[in-house]
Structure formats: C-alpha cells, structure tokens
Amino acid sequence: MNSKLTKIPGPDHPITITPTKGRVTVAVNGKRVADTREALTLKEAGYPAVQYIPRKDVDMTQMQRSSHQTYCPYKGDCAYYSVPAGGERSVDAVWTYEGPYAAVSAIREYLAFYPDRVDAIEVGVEG
C-alpha cells in the first residue's frame, strides 16, 4: 500500500503543462547536452516555470544516475541525474518523474534541469 500523501492540482495549487514555443537547449561546461523543439513548460503554483525536455533529446551519455530521490505529493517519486562534465556544481542537476501521477503524466520520459547547476537553459532559440 502506498502510504505517501497524494495531492491533486487544483485552484489552491495549480499545475499547467503546455508545449514550449521554439527550441530549448541546455549547456553544461560549454557543451550542449539537450536540444529539442518538443519541450513542455510546467507551471506550478507560485514557482518559476520549468522546461521539461524529452529524454530522446538529451545526451544521456553525459548524464549519470544519482542515488538522490525526492517525492512530490503532486507529481510523484523523483529521480536525479548528475552531469559529470559540470563538476560539483552539476551534481543532481537533472530531475525526472519516471512514473508521474495521472494529473502530470505528460512529463513521463522528460527531464528537467536546475538553471543554477548548468551553464544555460535557452528557450525559444533559433538555429
């Protein structure tokens, strides 16, 4: 039995997931580790919007699975990756919900990056 508290997004804690317009790229240590035109923008309550990038558009050879795990009552169990090329700053720089709750199931197989643990997350870039 799952004893974890599960919450459904609602007026007091809204979560919206919409396709991101344009291209999203992520760079670590001067190297592009993600490049997609299929990102999703997740907006949750009062938090800054987060870009979720399809796993297929992330250079997974640059990612290293971490033992770090967290839990979000709205989204589910969260797993983490570090980006060794980024050194200490890029430990647990990436997170993913591999079995997200139904309300946010669109982010399954997507990864998100902490802006302060990578060089840049560029949204809407052309080229």
Side-chain angles (χ1 to χ4, degrees):
M1 183 179 147
N2 187 349
S3 60
K4 292 177 178 169
L5 178 65
T6 303
K7 294 183 176 179
I8 305 296
D12 58 330
H13 192 102
I15 296 178
T16 60
I17 301 171
T18 54
T20 304
K21 289 180 174 57
R23 182 176 171 197
V24 177
T25 62
V26 180
V28 175
N29 197 26
K31 183 170 185 173
R32 188 172 291 163
V33 296
D35 188 343
T36 187
R37 292 185 179 278
E38 299 174 33
L40 297 174
T41 300
L42 184 143
K43 292 180 181 166
E44 179 174 359
Y47 300 105
V50 173
Q51 295 301 316
Y52 277 83
I53 298 172
R55 188 178 292 251
K56 67 181 178 64
D57 293 331
V58 175
D59 182 354
M60 294 305 292
T61 66
Q62 297 293 316
M63 306 293 132
Q64 186 173 55
R65 184 73 173 230
S66 151
S67 60
H68 187 61
Q69 290 184 311
T70 58
Y71 175 74
C72 169
Y74 293 95
K75 298 191 285 288
D77 291 311
C78 189
Y80 290 78
Y81 287 88
S82 296
V83 187
E88 281 297 307
R89 181 180 75 142
S90 297
V91 170
D92 298 330
V94 186
W95 76 92
T96 182
Y97 291 92
E98 293 169 333
Y101 291 146
V104 294
S105 62
I107 61 172
R108 182 190 309 267
E109 295 298 317
Y110 282 69
L111 303 175
F113 293 79
Y114 285 106
D116 60 338
R117 298 185 191 183
V118 298
D119 294 352
I121 299 174
E122 296 185 59
V123 181
V125 293
E126 287 309 314

Revision key, fill the gap. Nearest heavy-atom contact between Ala49 and Thr41 is CB-CG2, 3.8 Å
Review point. CE/Met60 to CZ/Arg65 distance, rounded to the nearest 0.5 angstrom?
Key: 8.0 Å
Exercise for review: Verify the cluster assignment for Tyr114 and Tyr97: are they in a single hydrophobic cluster under the rule of side-chain heavy atoms below 4.5 Å apart?
Suggested key: yes
Point to revise | CA sep, side-chain torsions, deciding dist, call: Val33, Phe113, side-chain contact (heavy atoms from CB on, under 4.5 Å) | key: CA-CA 11 Å; Val33 296; Phe113 293 79; 4.0 Å; yes
Exercise for review: Please determine if Arg55 and Glu98 form a salt bridge, counting it only when a charged side-chain N lies under 4.0 Å from a carboxylate O.
Suggested key: yes
Check your understanding: Does Asp57 reach the main-chain N or O of Ala34 with its side chain, forming a donor-acceptor pair under 3.5 Å?
Key -> no
Exercise for review: Compare every heavy atom of Glu38 with every heavy atom of Tyr110, then report the nearest pair and how far apart it is.
Suggested key: CE2-O, 3.6 Å
Check your understanding: In terms of hydrophobic clustering (I, L, V, M, F, W, Y; side-chain heavy atoms under 4.5 Å; direct or indirect links), are Val83 and Val24 co-clustered?
Key -> yes
Study note, to complete from the structure: Rounded to the nearest 0.5 Å, the CD atom of Glu122 sits from the OG1 atom of Thr25 at a distance of 4.5 Å
Exercise for review: Kindly say whether Asp92 contributes a backbone atom to a donor-acceptor pair with the side chain of Ser82 at under 3.5 angstrom?
Suggested key: yes
Practice item. Please check if Ile17 and Val50 belong to a single hydrophobic cluster, counting links between Ile, Leu, Val, Met, Phe, Trp and Tyr side chain heavy atoms closer than 4.5 Å. Key: yes
Check your understanding: Could you state the interatomic distance from CD (Gln62) to OG (Ser90), rounded to the nearest 0.5 Å?
Key -> 10.5 Å
Check your understanding: When clusters are formed by joining ILVMFWY residues with side-chain heavy atoms under 4.5 Å apart, either directly or through shared neighbours, do Tyr52 and Met63 land in the same one?
Key -> no
Study note, to complete from the structure: Heavy-atom nearest pair, Tyr80 first then Trp95, reads CE2-CB, 3.6 Å
Check your understanding: Do you know the tightest heavy-atom contact between Pro100 and Ile107?
Key -> CB-CG1, 4.2 Å
Check your understanding: Could you state the interatomic distance from CG (Asp59) to CZ (Arg32), rounded to the nearest 0.5 Å?
Key -> 12.0 Å
Check your understanding: Are side-chain heavy atoms of Asn29 and Arg89 found at a separation under 4.5 Å?
Key -> no
**Study point:** Taking every non-hydrogen atom, the tightest pair across Val123 and Gln51
**Key:** CG2-CG, 3.8 Å
Check your understanding: Are Val58 and Val118 connected in a single hydrophobic cluster, I mean Ile/Leu/Val/Met/Phe/Trp/Tyr linked by side-chain heavy atoms less than 4.5 Å apart?
Key -> yes
Review point. Which pair of heavy atoms, one from Ile15 and one from Pro9, lies closest together, and at what distance?
Key: CD1-CG, 3.8 Å
Revision key, fill the gap. d(Lys75 NZ, Thr96 OG1) to nearest 0.5 Å is 12.0 Å
Revision key, fill the gap. So CD1 of Ile53 and CG of Leu111: to nearest 0.5 Å the spacing works out to 7.5 Å
